[in-house]
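Everything below concerns the one structure shown next.
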Protein chains: 2
Amino acid sequence: MFVENEKHITIQALHRMPYYLQKLRELKNEGVEVISAPKIAQMLNLNEVQVRKDFAAVSDSKGKPKAGFSVLELISQMEELLGFNNTDDAVLVGVGSLGHAFLAYKGFEEYGLNIVAAFDLNPEFIGREISGKIILPADKISEMCFRMGIHIGIITVPEEQAQKVCDQLVAGGVLAIWNFAPVHLSVPENVLVKNENLAASLAVLSKHLKEKMKNL
Amino acid sequence: MFVENEKHITIQALHRMPYYLQKLRELKNEGVEVISAPKIAQMLNLNEVQVRKDFAAVSDSKGKPKAGFSVLELISQMEELLGFNNTDDAVLVGVGSLGHAFLAYKGFEEYGLNIVAAFDLNPEFIGREISGKIILPADKISEMCFRMGIHIGIITVPEEQAQKVCDQLVAGGVLAIWNFAPVHLSVPENVLVKNENLAASLAVLSKHLKEKMKNL
DNA sequence: TGTATATCGGTATTATAATATCGATAACGG
DNA sequence: CCGTTATCGATATTATAATACCGATATACA
């Protein structure tokens, strides 16, 4: 007879949350205090029932008929859920062009991610400073993650090196991996890999384009 | 009584394709000529039926019982489908840290994407050369896209500017938009927006981590 | 103050994708 | 050369997510 305190949130709903959050913050800045699901749905091109369900999944506060939901309450509950108000430390491996950009990118902090160390396999980079971080040799990954209690790893190395780097992160106690290499990574089942496969996205774009062009 | 020549491929299947392709190329390099669905499934941590169905969706060549599928045929048919063997021209808008990295990134060409022009709103950047491309003023977007017959636009500007840039791309005849700004973009229905929302990915990671840490 | 209505929450239905099942068949070993 | 078996394709089932529907209710306005 335990109370189910964990709301079930689908992965798709989770992906929609940042869009809600962005729009809600916009509305807040315009002075809007209450917003209805159909209005949000229209703005984001979603189904109104889906919006209402998504809101119900994050929020325990109820919406009022004819009016809607409290913008401020939704914002704070979403930030809570998404972890954007408590910062996680992360390490980054691979300071090629993409890794370089991430080290320079200020936006991550806004989402609660703080890159505390960067590694590379290339001796040429090691010891150099990029955006205020000293680049460390890749063979120190496990040790450093363990010592600093890091649980998030970002992989921006070429595909050939990705699995090896991944193994080192896991050995260092990392539980969540953000993988930008276009390869499948094998990990123990308690570790989550979130793939950011640019090739996959391009495939979608390219397919769509091919179909559009055919009809011209 | 027309023959259905367009195979139906789900969006999820399309996302899996680059992983298959990567693995198949690896196998090809090892000299493997025929591979079975269960083996691929095991390597990529997928269901064997799913793999077989995905293969059937791209390929008209049949697999052989007890043996499997021709690695070479699968590779060429996937490349064909994904459009990795015919290059599309694209423009990029926003040369902040991420845009900068994309201009420097060589990998896109491998996937059939060629960035032919880059734009920015910031007068400070205009006229400067980054990775061999001259940065043009954003108000030239529509004109240039139209003149050069560009159909793909990459948006790497901050969220406040994204919708405006998007409208200009659409006005210039762009049909597919790769959006890295964490906002929903409104477009006509014949235009595809592929969102690459880093915040959304981080949300997934953060949620997973929060649950893991709770159990410690 | 009463009536119309936009929106709510909950439930039912439909759509989509993943997985399980099974008879058929080509390769392999004895 | 014949049984054994891994894998196939096709079909059935289950899981998951999206959408439609409906009675209840708070607000707005006559």
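Reminder, nothing fancy here: chain letters follow the sequence lines and each chain counts from 1.
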**OP:** Describe the nucleic acid contact of B/Ala37 in one word from base, sugar-phosphate, nothing, applying a heavy-atom distance below 4.0 Å.
**Re:** sugar-phosphate
Subject >> Non-hydrogen atoms of A/Leu205 and B/Ile177 that approach each other most closely >> reply: CD2-O, 3.9 Å
Original post:
Which part of the nucleic acid does B/Phe55 contact within heavy-atom distance under 4.0 Å: base, sugar-phosphate only, or nothing?
Top reply: nothing
**OP:** Using only heavy-atom distances, determine whether the side chains of A/Gln163 and A/Asp167 contain a donor-acceptor pair under 3.5 Å.
**Re:** yes
Original post:
When the distance from CD of B/Glu48 to C1' of D/dA10 is rounded to whole Å, what number comes out?
Top reply: 14 Å
Original post:
Over how many whole Å does the gap from A/Asn47 atom CG to D/dA18 atom P extend?
Top reply: 10 Å
**OP:** Identify, between B/Lys39 and B/Val49, the residue whose nearest nucleotide on DNA chain D lies closer to the 5' end.
**Re:** B/Lys39
Subject >> Donor-acceptor side-chain pairing of B/Gln22 and B/Glu26 below 3.5 angstrom >> reply: yes
Subject >> Residues forming a ring pair (Phe, Tyr, Trp, His ring centres under 6.0 Å) with B/Phe119, sequence neighbours excluded >> reply: none
Subject >> Any side-chain donor near an acceptor of the partner, A/Ser142 and A/Gln168, under 3.5 Å >> reply: no
**OP:** Kindly say if A/Arg16 contacts the phosphate of D/dA18, meaning a side-chain N or O under 4.0 Å from OP1 or OP2.
**Re:** yes
Original post:
Any luck finding a side-chain donor-acceptor pair between A/Ser201 and B/Glu196 under 3.5 Å?
Top reply: yes
Original post:
For DNA chain C, which nucleotides open and close the run of contacts to chain A, 5' to 3', at under 4.0 angstrom from a non-hydrogen atom?
Top reply: C/dT5 to C/dA12
Subject >> Closest-nucleotide ordering on DNA chain C, the 5'-leading residue of A/Lys62 and A/Lys66 >> reply: A/Lys66
Subject >> Length of the CG-C1' vector between A/Asp54 and D/dT19, whole Å >> reply: 13 Å
Subject >> Distance, rounded to the nearest Å, where A/Asn45 contributes CG and D/dT19 contributes P >> reply: 11 Å
**OP:** Round to a whole Å and report the spacing from CD1 of A/Ile11 to C1' of D/dA18.
**Re:** 17 Å
Original post:
Starting at CZ of A/Arg52 and ending at C1' of D/dG23, how long is that distance when rounded to a whole Å?
Top reply: 13 Å
**OP:** Please work out whether the ring planes of B/Phe84 and B/Tyr111 are parallel, tilted or perpendicular, with thresholds of 30° and 60°.
**Re:** tilted
